[in-house]
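One structure is given here, and the rest of the page talks about it.
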There are 2 protein chains.
Amino acid sequence: MVKITDVARQAGVSPSTVSYALSGKRPISEETRQRVEAAIRELGYRPHAGARALASSRSNVLALVVPLRAGIHVPVVMQFAVSVVTAARRYDHDVLLLTQEEGEDGLRRVADTALVDALILMDVQLHDPRLPLLRSLDRPSVMIGFPQEAAGLTCIDLDFRTAGERCVEHLAQLGHRVVALVGSPPEVYVRGTAFAQRVVQGFTAAADRSGLASAVHPCEATPGAARRVAEQLLREQPALTGVVVHNEAVLEPLTDAFEQLGLRVPADLSVTAICPDELAESLRVPVTSIALPSAEVGERAVELLMAKLAGDEVPEATLLPPRLTKRASTAPRPA
Amino acid sequence: MVKITDVARQAGVSPSTVSYALSGKRPISEETRQRVEAAIRELGYRPHAGARALASSRSNVLALVVPLRAGIHVPVVMQFAVSVVTAARRYDHDVLLLTQEEGEDGLRRVADTALVDALILMDVQLHDPRLPLLRSLDRPSVMIGFPQEAAGLTCIDLDFRTAGERCVEHLAQLGHRVVALVGSPPEVYVRGTAFAQRVVQGFTAAADRSGLASAVHPCEATPGAARRVAEQLLREQPALTGVVVHNEAVLEPLTDAFEQLGLRVPADLSVTAICPDELAESLRVPVTSIALPSAEVGERAVELLMAKLAGDEVPEATLLPPRLTKRASTAPRPA
DNA sequence: TTCGCCCGTCGAAGCGCTTCGACGTCACGC
DNA sequence: GCGTGACGTCGAAGCGCTTCGACGGGCGAA
């Protein structure tokens with residue numbers, strides 16, 4: 001293994017000079033820097049991560065806690081993880097993958113052993129048991145999603161409440177008077193997952209404000225469940241003409257079910273969704289949707305964390321504004 | 001921060017004794033161990049990961065390189081990643097997440113800086129450019145999938161060739177004489193992704209051996225593509241009664257397409273698949289399938305790596321035997 | 001000209017842990 | 001009764017890096 005002293009000898013300087021040339025924490029003459037860089041290249045020097053972490057008390061590693069519970073849409077999680085890794089690399093950091101399974105112990109472990117400098121948490125619940133722990137940890141963290149009581153913590157997410165509102169408003173503008181929300185699987189609400197609840201709030205509030213008749217139906221992530229929900233909706237709200245879907249897995253089977261029940265999209269029924277753009281675009285009838293900007297969220301989360309590590313103040317809450325993209329699945333209410 | 005000297009003082013022993021009590025690398029009297037453990041608990045001691053890595057030249061971290069290319073099925077990747085993390089934790093290791101985007105540089109970086117002790121690679125190509133690098137690295141690695149030339153490397157995967165064969169044999173036993181393979185997206189074959197190719201080989205070999213008429217069709221991972229492939233198959237092989245699907249994303253739309261084209265599953269057409277069990281079970285007509293044991297592969301990969309880290313010899317190739325589960329989608333050939 | 005200061009570099013002191021060699025003790029076998 | 005290990009513990013030497021204080025030389029201000 002080639003170490004910093006080897007580089008120093010080769011460049012004819014002291015180890016500390018090599019270190020400063022690398023970190024830029026003290027001025028180094030152009031000429032010396034050149035010599036050091038040449039030596040590094042010739043010897044193929046790579047600083048030892050452990051030694052660096054020990055001496056600097058910075059590991060340059062972030063922890064990412066991914067959820068693996070029922071009812072979450074895996075591709076979104078993955079896309080998010082990838083964007084976190086990519087963004088972290090831009091700041092010369094790596095990403096340690098933790099599963100929620102390990103729970104609070106895992107968080108405490110990687111934080112206390114100084115394995116990581118900071119943490120990113122996904123799938124935050126309204127009353128997340130990890131909150132007190134995060135507050136007590138001496139390392140910065142960012143949460144994807146908003147718990148009920150977020151004081152002192154940094155959170156970021158799509159503004160799901162407004163997203164729910166926008167969907168309803170879009171339908172209202174098109175003249176629809178009876179709408180329904182097909183939501184996430186029941187267990188997601190039971191757990192008190194923040195983003196799902198907020199969609200419901202926004203949906204309901206906007207419907208009330210616009211004087212629409214509305215209903216909310218959780219839905220399991222299976223085609224069968226989608227079909228049953230479609231049937232139930234038509235039974236309970238025969239005048240239904242607008243649907244908001246917040247459940248990636250059933251978006252396609254649900255629209256299929258409606259069509260098989262004799263409702264054409266968008267001629268008889270308008271459909272909007274909150275889901276990744278790729279999904280909305282890939283369907284037979286592309287769906288008017290509010291994008292789930294997982295890549296942007298991941299990137300912003302890393303940026304927030306880096307700012308905190310640098311000692312900067314960051315806003316406690318970052319709500320990304322929803323963007324509604326009109327596609328073929330919505331149309332004015334049939335006469 | 002509480003350190004090992006604090007624990008030592010509290011327990012009335014030397015730091016080295018604490019270390020040995022923790023690692024078990026030298027015998028420590030029961031009584032001393034008790035005192036040390038008590039001290040650790042009282043003080044909430046956690047060994048500093050960087051210091052440990054520096055002194056022991058072991059970071060207790062594995063690198064996991066995940067693919068993010070077109071045509072791979074994300075949930076499988078995720079399930080795999082989770083099983084790797086879970087298995088690694090059983091051996092007191094953590095997992096660093098790398099994307100394929102960083103490529104060989106990323107591998108070299110984490111290996112050379114001693115950030116990780118060992119590596120796991122997914123989505124191996126037949127002629128993977130990373131092979132020479134892996135051979136030159138001084139750290140052990142395990143690849144998920146088999147490259148063409150794997151000498152000196154450790155590989156593990158489902159035995160996809162046999163999986164392809166089993167599917168055909170199952171259909172042949174049921175009396176089918178004309179079969180087709182609906183495969184992964186074309187780009188997967190273009191890249192020379194090992195597992196996809198092997199399925200084709202097994203499928204073709206078994207069909208030839210059994211004297212079946214057979215055809216192979218790659219298929220994009222979209223419902224539209226599935227429909228087109230279904231139409232094409234019926235056009236080109238009017239006598240088709242058996243299909244093998246090796247493409248998670250189109251399994252459902254493809255069977256839907258067949259039914260819409262007037263073929264009932266399994267009355268007119270038998271369908272088998274190579275896919276995760278959950279997917280096969282979740283369809284309207286549960287599909288006879290060979291499971292993609294991602295969890296088992298991940299676990300075994302970690303075990304292989306741990307053995308290599310311990311200095312044990314491990315087999316270069318580990319092929320997991322395919323297990324075919326009969327479900328409702330296959331039946332004897334219609335008379 | 002002299003003082004003070006900044007620039008560029010060096011040496012040394014750790015960072016917190018593991019590990020090696022050494023040493024005292026005790027039990028056992030002859 | 002004594003040599004011989006095995007057992008249990010200690011002290012010290014690093015692991016490879018960062019960082020702090022110090023220092024010489026050059027330059028601008030006084």
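Here is how names work: the chains are called A, B, and so on, in the same order as the sequence lines, proteins then strands, and each is numbered from 1.
Between B:V13 and B:V18, the shortest heavy-atom distance links the atoms CG2-CG2, 3.8 Å. The minimum heavy-atom distance between B:T113 and A:R46, with the atom names listed, is CG2-CB, 4.1 Å. Between B:V314 and B:K308, the shortest heavy-atom contact is CG2-CG, 3.7 Å.
Residue-level contact check: A:S56 touches the backbone only, with heavy atoms under 4.0 Å from sugar-phosphate atoms and none from bases.
Rounding to whole angstrom units, CG of residue B:L54 and P of C:dC15 are separated by 13 Å. Rounded to an integer number of Å, the gap from NE2 of B:H48 to P of C:dT18 is 12 Å. For the pair A:D112 CG and C:dG16 P, the computed distance is 14 Å after rounding to whole Å. Computed from coordinates, the B:K25 NZ to C:dT18 P distance equals 8 Å when rounded to whole Å. To the nearest angstrom, P of D:dG16 lies 12 Å from CD1 of A:I4. Atom CE of A:M1 is separated from atom C1' of D:dC15 by 10 Å (rounded to the nearest Å). Following rounding to the nearest Å, B:R9 (CZ) and C:dG16 (P) show an atom-to-atom distance of 13 Å. Atom CZ of A:R52 is separated from atom C1' of D:dG16 by 11 Å (rounded to the nearest Å).
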Per-nucleotide protein contact string for nucleotides 6-14 of chain D, where B marks a base within reach and S marks sugar-phosphate only (heavy atoms under 4.0 Å, - for neither): --SBBB--B
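Checked for salt-bridge contact, A:R9 and A:D6 meet the test: a charged N lies under 4.0 Å from a carboxylate O.
In summary, the side chains of B:T17 and B:S14 do present a donor paired with an acceptor at a separation below 3.5 Å, with no hydrogens or angles considered.
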Could you walk me through whether A:R191 and A:E187 pass the salt bridge (charged side-chain N to carboxylate O under 4.0 Å, His left out) check? CA-CA 6 Å; A:R191 287 204 302 264; A:E187 58 265 36; 5.9 Å; no
